[in-house]
Amino acid sequence: MENDTSTSEGIPSFIKSLRIVDAVLLLTITFIGVVGNTLVFIAYRVSYKIRTKTNIFVVNLAAADFMTCLLLPIVSWSLLIKVDDIAHWLDVLCGFTIGGIQAFASCSIMMLASIAANRFVLITRKRATYRKLYQNKFIFVWLILSWIYPMLVVTIPLMFDIGHLGFDPEIHACGARADHPRSYLYDVIVVGIVIPIPALITVYCYGGIYFYIKRHNRNLDEIRQRMNQNSGQKRVSQQQVDITKNLFFILVSFVICLTPHMLSELANAHHLIILHTKILVAFNSCVNPILYGAKHPHFRQVFKCIILRRWSDIPDPVFKWMSPQPSVTISYFQRNQETTGSSITPL
């Protein structure tokens, strides 16, 4: 008599049920991520208020998350497919899929560091410095490098037979093949090259912003108390603080989603643990638009207008038909006050 705890394929029933749950989770993440990140693209397209230098990196972060979400259904399908023998086409398809997901996740790390650096220069340096560093041509070159660099890190070791990406029979899904003799070395190389430098930049920048704002406002209060008048200096605007906080929360969510998988890979954890930490990484691809909608003052306002189809309420619209009244011509500089330098005068 067949054991009740196993399927006809000899797979424990709870494992098969777990795969179904995981597949449904990945498809749910795909739906939320595609819709949410598409909202980010639309918001950037229809409102000049969203078109800041910082948000160029935010949109590229959304693009990396969007591409990740488009690949997740293949991973979901690989969890459910019946495999007697690993066909070459399946191994190749999974290899491209998991390679793309790893590259896009690595690109997200680069974009988070770029956002942190942008906020740091914007808030703590003079306007002239910001304008000099964040010229369009420099931003374009940096974005190209931020996309190419992760792809090279993911693919070059594979060319030298360090690791193998494909259909992993241990987790019955697309992944890094655990049966390859140098699969652990591949994980170490990718993690060791992609993560440390962007992580250090990010920590340094957000730490610098925090201490700068704290020191600046404290010194400003002391000056005003001594002079008993307005000193002519400005506090850091609350809107800039709110935007920076939102972007910091995005960083925190990424760290929470990425760290368990990174540690499980380096520790050679059980394949089920590795699989579910991968799903946690995938979840990060849909969470950022939710944070924008909940916390970011500009995105929240534009998202609401798009969802409710209140096109005439979109702030500083790109298209004239969205404005109920003829608008006064506004220069690019005026539209992008945030992009041209710090909202405060450094002491």
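Every residue was checked against the side-chain hydrogen bond (donor to acceptor under 3.5 Å, both in side chains) condition with S47, not counting sequence neighbours, and none meets it. Remark: D65 pairs with S108, N288 by the side-chain hydrogen bond (donor to acceptor under 3.5 Å, both in side chains) rule, at least two apart or across chains. For F104, there are no ring-ring contact (aromatic ring centres under 6.0 Å, His included) partners, not counting sequence neighbours. Every residue two or more places apart in sequence or in another chain was checked for a ring-ring contact (aromatic ring centres under 6.0 Å, His included) with Y149, and none qualifies. Annotation: ring-ring contact (aromatic ring centres under 6.0 Å, His included) contacts of F31 (sequence neighbours excluded): none. Considering only residues two or more places apart in sequence or on other chains, C174 meets the disulfide (SG to SG under 2.5 Å) condition with C94. For Q102, the side-chain hydrogen bond (donor to acceptor under 3.5 Å, both in side chains) test picks out Y186, with sequence neighbours left out. A search for side-chain contact (heavy atoms from CB on, under 4.5 Å) contacts involving L185 returns I162, R182, I189, not counting sequence neighbours.
Other residues, nucleotides and ligands contribute only 12 or fewer heavy atoms inside 6.0 Å of the CZ atom of F140. In the displayed structure, W77 atom CH2 is contacted under 6.0 Å by more than 12 heavy atoms of other residues, nucleotides or ligands.
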Original post:
Would D161 and H180 count as a side chain to side chain donor-acceptor pair (under 3.5 Å) if you check the C-alpha gap in whole Å, the side-chain angles of each, and the deciding distance to 0.1 Å?
Top reply: CA-CA 9 Å; D161 196 32; H180 191 280; 3.0 Å; yes

Original post:
Can F66 and V40 be said to form a side-chain contact (heavy atoms from CB on, under 4.5 Å), step by step?
Top reply: CA-CA 10 Å; F66 181 85; V40 175; over 6 Å; no

Original post:
For M111 and S146, what are the C-alpha separation, side-chain angles and deciding distance, and is it a side-chain contact (heavy atoms from CB on, under 4.5 Å)?
Top reply: CA-CA 7 Å; M111 292 306 163; S146 297; 3.7 Å; yes

**OP:** Please step through side-chain contact (heavy atoms from CB on, under 4.5 Å) for the pair K278 and I171, ending with a clear verdict.
**Re:** CA-CA 11 Å; K278 283 182 179 180; I171 63 173; 3.9 Å; yes

Subject >> Verdict with supporting geometry, F138 and L133, side-chain contact (heavy atoms from CB on, under 4.5 Å) >> reply: CA-CA 7 Å; F138 294 152; L133 290 176; 5.9 Å; no

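Using modelled atom types, no side-chain atom of H164 and backbone atom of P181 make a donor-acceptor pair closer than 3.5 Å. A donor-acceptor distance shorter than 3.5 angstrom exists from the side chain of N37 to the backbone of S285, with no hydrogens or angles considered. At distances below 3.5 Å, not a single donor-acceptor pair connects side-chain atoms of S78 with backbone N or O atoms of A173. Counting only distance, with no hydrogens or angles, the side chain of N284 and the backbone of L280 share no donor-acceptor pair below 3.5 Å. The backbone N or O of I50 sits less than 3.5 Å from a side-chain atom of N55, completing a donor-acceptor pair.
Nearest heavy-atom pair across T259 and V255 is OG1-O, 2.6 Å. F57 approaches K53 most closely through the heavy-atom pair CD1-O, 3.5 Å. Closest heavy-atom contact between L72 and I101: CD2-CD1, 4.0 Å. Nearest approach of M151 to T155, heavy atoms of both residues: O-OG1, 2.7 Å. Residues T124 and I209 share a closest heavy-atom pair of CG2-CA, 4.5 Å. Contact detail for T277 and S264: the closest heavy-atom pair is OG1-OG, 3.2 Å.
Interatomic distance, Y130 OH to L122 CG, rounded to the nearest 0.5 Å: 5.0 Å. Note that CG of L143 and CD1 of I56 are 7.0 Å apart. Values are rounded to the nearest 0.5 Å. Between the CZ atom in R177 and the CD atom in E170 there is a gap of 10.0 Å [rounded to 0.5 Å]. The CD1 atom of I279 lies 5.0 Å from the CG atom of L26; values are rounded to the nearest 0.5 Å. Taking OG1 of T97 as the start and CG of L165 as the end, the distance is 10.0 Å to the nearest 0.5 Å. Atoms CZ and OH, from R125 and Y212 in turn, are 8.5 Å apart once rounded to the nearest 0.5 Å.
By the criterion of side-chain heavy atoms lying less than 4.5 angstrom apart, applied directly or through intervening Ile, Leu, Val, Met, Phe, Trp or Tyr residues, L27 is not grouped with L18; the two fall into different hydrophobic clusters. Cluster annotation: W89 and I74 are assigned to the same hydrophobic cluster (Ile/Leu/Val/Met/Phe/Trp/Tyr, side-chain heavy-atom contacts under 4.5 Å, transitive). In the hydrophobic clustering of this structure, L158 groups with V188; members are Ile, Leu, Val, Met, Phe, Trp, Tyr whose side-chain heavy atoms approach within less than 4.5 Å, directly or through other members. If you chain together hydrophobic residues whose side chains sit under 4.5 Å apart, V191 and V154 fall into the same group. Both V318 and L39 are members of a single hydrophobic cluster when ILVMFWY side chains are connected at heavy-atom separations under 4.5 Å.
Residue pairs meeting the disulfide bond (SG atoms under 2.5 Å apart) criterion with at least one member in residues 30-72: none, sequence neighbours excluded. Sorted by first and then second residue, the side-chain hydrogen bond (donor to acceptor under 3.5 Å, both in side chains) pairs involving residues 20-29 (not counting sequence neighbours) are D22-H276. Within the structure, disulfide bond (SG atoms under 2.5 Å apart) contacts touching residues 101-134 (residues at least two apart or in different chains) do not occur.
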Do any side-chain atoms of residues 195-206 form donor-acceptor pairs under 3.5 angstrom with protein atoms, and if so which ones, sequence neighbours left out?
| from | atom 1 | to | atom 2 | distance (Å) |
| --- | --- | --- | --- | --- |
| T202 | OG1 | P198 | O | 2.7 |

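Because its NZ or CZ atom is both nearer than 6.0 Å to the ring centre of Y44 and within 45° of the ring axis, R51 counts as a cation-pi partner of that residue.
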